Amino acid sequence: MPELPEVETVRRGLERWVIGKKLKNIQALHPRVERPDSWAPITSLEGAKVTGISRRGKFLWFELDRPQVLMAHLGMSGQFLVQPIGKVDERHVRARFTLAGGLQKNRELRFIDQRTFGWLAVDNLTDGIPSMAAHIAPDLFDPNFDQASIVANLRNRKSKIKSAILDQQILSGIGNIYADESLWAAKIHPERICGDLSAKKINLLIDSAREIMARALESGGTSFDDLYINVNGESGYFEVQLEVYGCEGEPCSRCGRLIKRISFANRSSHFCPYCQK
DNA sequence: CAAACTACCTGACTGC
DNA sequence: TGCAGTCAGGTAGTTT
C-alpha cells in the first residue's frame with residue numbers, strides 16, 4: 001500500500017517521536033514479522049538508541065548507536081504507531097518496542113500489519129546503505145538520482161512502461177497509485193513499450209511522478225481507509241486529488257471521456273483511453 | 001540477461 | 001445467511 005510519499009510521512013513521524021529513544025522490551029509477536037535472512041533477532045537490539053531514520057524508496061531503517069540498523073518495510077499494509085504503553089492493542093500488532101528515555105515518557109512503538117507482507121530485520125551497512133536495500137535504485141528525491149542515465153536505461157527496454165517504472169531496481173519509490181497518476185499526467189498509455197518513447201516523453205513522466213509525489217507528501221500521503229496512517233494514526237488527504245487511480249467510469253478531467261481500468265502484471269491500471277494512447 | 005509470471009497473506013466487498 | 005470469487009497501496013523467487 002504505502003508508496004514513497006506515505007513511507008516518507010511515516011519516516012518523518014518516526015524521526016520526531018523515536019530519535020534519541022532507547023528500544024527496550026522488544027517483542028516479536030508474529031512468526032513472519034522478521035525477515036528470514038535477518039542478521040540477528042530484532043530482540044538482540046535491546047537497549048539500542050535510535051540516532052536517525054533513513055529511507056530509500058519504500059525501504060526504511062532505524063540508525064542506531066551500534067553498527068547494525070533496524071530495517072523495515074511496510075509491504076502492503078504495514079504501519080508504525082506510537083501509542084501510550086498499555087493502551088489496548090490494535091488488531092494486527094506484529095512487534096512492539098518500549099521507547100525509553102527523553103522527554104515524552106510511557107510511549108511504545110508498534111508495528112502493525114494486517115497482510116504480513118511487511119517485515120523488520122537487523123541489517124548491516126555498506127557505504128551507508130543496508131544490504132537489504134542495496135539492490136534498490138535511488139528514488140526520485142535522492143541526490144544520487146541520475147535522471148539522464150535512467151532515461152537512457154528505460155529507452156533500451158522492451159517492457160511496458162508501467163512495469164518498468166514499478167521496478168524498484170530501475171528507479172524506486174513509485175507504486176501502483178503514483179504510476180497510474182504519473183502516466184496520466186504525461187499522457188502515456190501504461191502498456192506503451194519503453195523503447196518506443198522519446199527521451200523527452202520519459203523525462204516528462206519522471207518529472208510528473210516527482211511533482212505528484214511531492215504534492216502527495218504535502219498532503220500527508222494518500223489513503224482510502226485506515227490501512228495507511230501516519231505514526232499518530234492520522235490519514236493523508238491526497239486521495240481527493242487523484243485523477244485516475246480508483247476512478248474507473250468517472251470522466252477524465254482533461255477530455256471528459258470515461259476512465260478505464262485494465263489488468264496486467266496481476267494488478268489494475270487506470271487510464272484515460274483518449275488522452276493516453 | 002530481461003521480462004513475465006507466481007506466491008506470499010488477511011480481510012472487505014460483490015453477486016448468487 | 002452463506003459461500004465463492006474478486007480485489008487491495010509490494011516484493012522476491014522462479015520460469016520463459
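All chains are named by letter (A, B, ...) in the order of the sequence lines, taking the proteins before the strands, and each is independently numbered beginning at 1. Everything quoted here is computed from the prediction, not taken from an experiment.
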[X] vs [Y] side-chain heavy atoms within contact, under 4.5 Å:
| X | Y | result |
| --- | --- | --- |
| A:I42 | A:L23 | no |
| A:F271 | A:P273 | yes |
| A:V10 | A:R55 | no |

Taking the side chain of [X] as heavy atoms from C-beta outward, which of [options] is closest to it?
| X | options | answer |
| --- | --- | --- |
| A:R157 | C:dC7, B:dA2, B:dG11 | B:dA2 |
| A:H73 | B:dC9, C:dG9, C:dT11 | C:dT11 |
| A:I177 | B:dA12, C:dC7, C:dG9 | C:dG9 |
| A:F59 | C:dT11, C:dC7, B:dA3 | C:dT11 |

Counting any heavy atom closer than 4.0 Å, what does [X] reach on the DNA or RNA strands: base, sugar-phosphate only, or nothing?
| X | answer |
| --- | --- |
| A:R94 | nothing |
| A:Y245 | sugar-phosphate |
| A:S163 | nothing |

Between C:dT14 and B:dC9, how many Å separate the two P atoms, rounded to a whole number?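 Going atom to atom, P in each nucleotide, I get 15 Å.
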Pick the P atom in C:dT6 and in B:dT6, then give their distance to the nearest Å.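 Between the two P atoms, the distance is 14 Å.
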Pick the closest DNA chain C nucleotide for A:R115 and for A:H135 by heavy atoms, then say which residue is nearer the 5' end.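 Here A:R115 is the residue nearer the 5' end.
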Which residue, A:M132 or A:Q114, contacts DNA chain C at a nucleotide closer to its 5' end, judged by nearest heavy atom?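 The 5'-side residue here is A:Q114.
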Using the six-membered ring wherever Trp is involved, compare the ring planes of A:F80 and A:F62 and label them parallel, tilted or perpendicular (cut-offs 30° and 60°).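 A:F80 and A:F62: perpendicular rings.
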Mark yes or no for whether A:E46, through its side chain, and A:I26, through its backbone, hold a donor-acceptor pair below 3.5 Å.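 A pair under 3.5 Å: yes.
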[atom1] of [X] versus [atom2] of [N]: gap in Å, rounded?
| X | N | atom1 | atom2 | result |
| --- | --- | --- | --- | --- |
| A:Q79 | C:dG9 | CD | C1' | 12 Å |
| A:I165 | C:dT11 | CD1 | P | 13 Å |
| A:I170 | C:dG10 | CD1 | C1' | 16 Å |
| A:D113 | B:dT10 | CG | P | 11 Å |
| A:R32 | C:dT11 | CZ | P | 18 Å |
| A:M76 | C:dG9 | CE | C1' | 6 Å |
| A:F264 | B:dT6 | CZ | P | 15 Å |
| A:L166 | C:dT11 | CG | P | 9 Å |

Side-chain N or O of [X] closer than 4.0 Å to phosphate OP1/OP2 of [N]:
| X | N | value |
| --- | --- | --- |
| A:S268 | C:dA8 | yes |
| A:K58 | C:dT11 | yes |
| A:R267 | C:dG10 | yes |

For A:F117 and C:dT11, is the gap between ring centres under 5.5 Å while the planes differ by less than 30°?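 One would not call A:F117 stacked on the C:dT11 base.
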Assess whether a salt bridge exists between A:E8 and A:R11, defined as any Lys/Arg side-chain N lying under 4.0 Å from an Asp/Glu carboxylate O.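 A salt bridge links A:E8 with A:R11.
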Does a side-chain N-to-carboxylate-O contact under 4.0 Å join A:K162 and A:D180?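 Answer for the salt bridge query: yes.
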Let me spell it out: for each of A:S159 and A:N266, pick the nucleotide of DNA chain B with the closest heavy atom. Which residue's pick is nearer the 5' end?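 Here A:S159 is the residue nearer the 5' end.
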Pair A:S131, A:D123: side-chain N/O donor-acceptor within cut-off below 3.5 Å: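 A pair is found: one side chain offers a donor N or O, the other an acceptor, under 3.5 Å apart.
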A:E90-A:Q83 side chain donor-acceptor pair, cut-off 3.5 Å: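 Side-chain D/A pair, A:E90 to A:Q83: present.
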For DNA chain C, what is the dot-bracket line, given that a base pair needs Watson-Crick (N1 to N3, plus N6-O4 or O6-N4) or G-U wobble (N1-O2 and O6-N3) geometry with both distances under 3.5 Å, and | means paired with another strand? .|||||||.|||||||
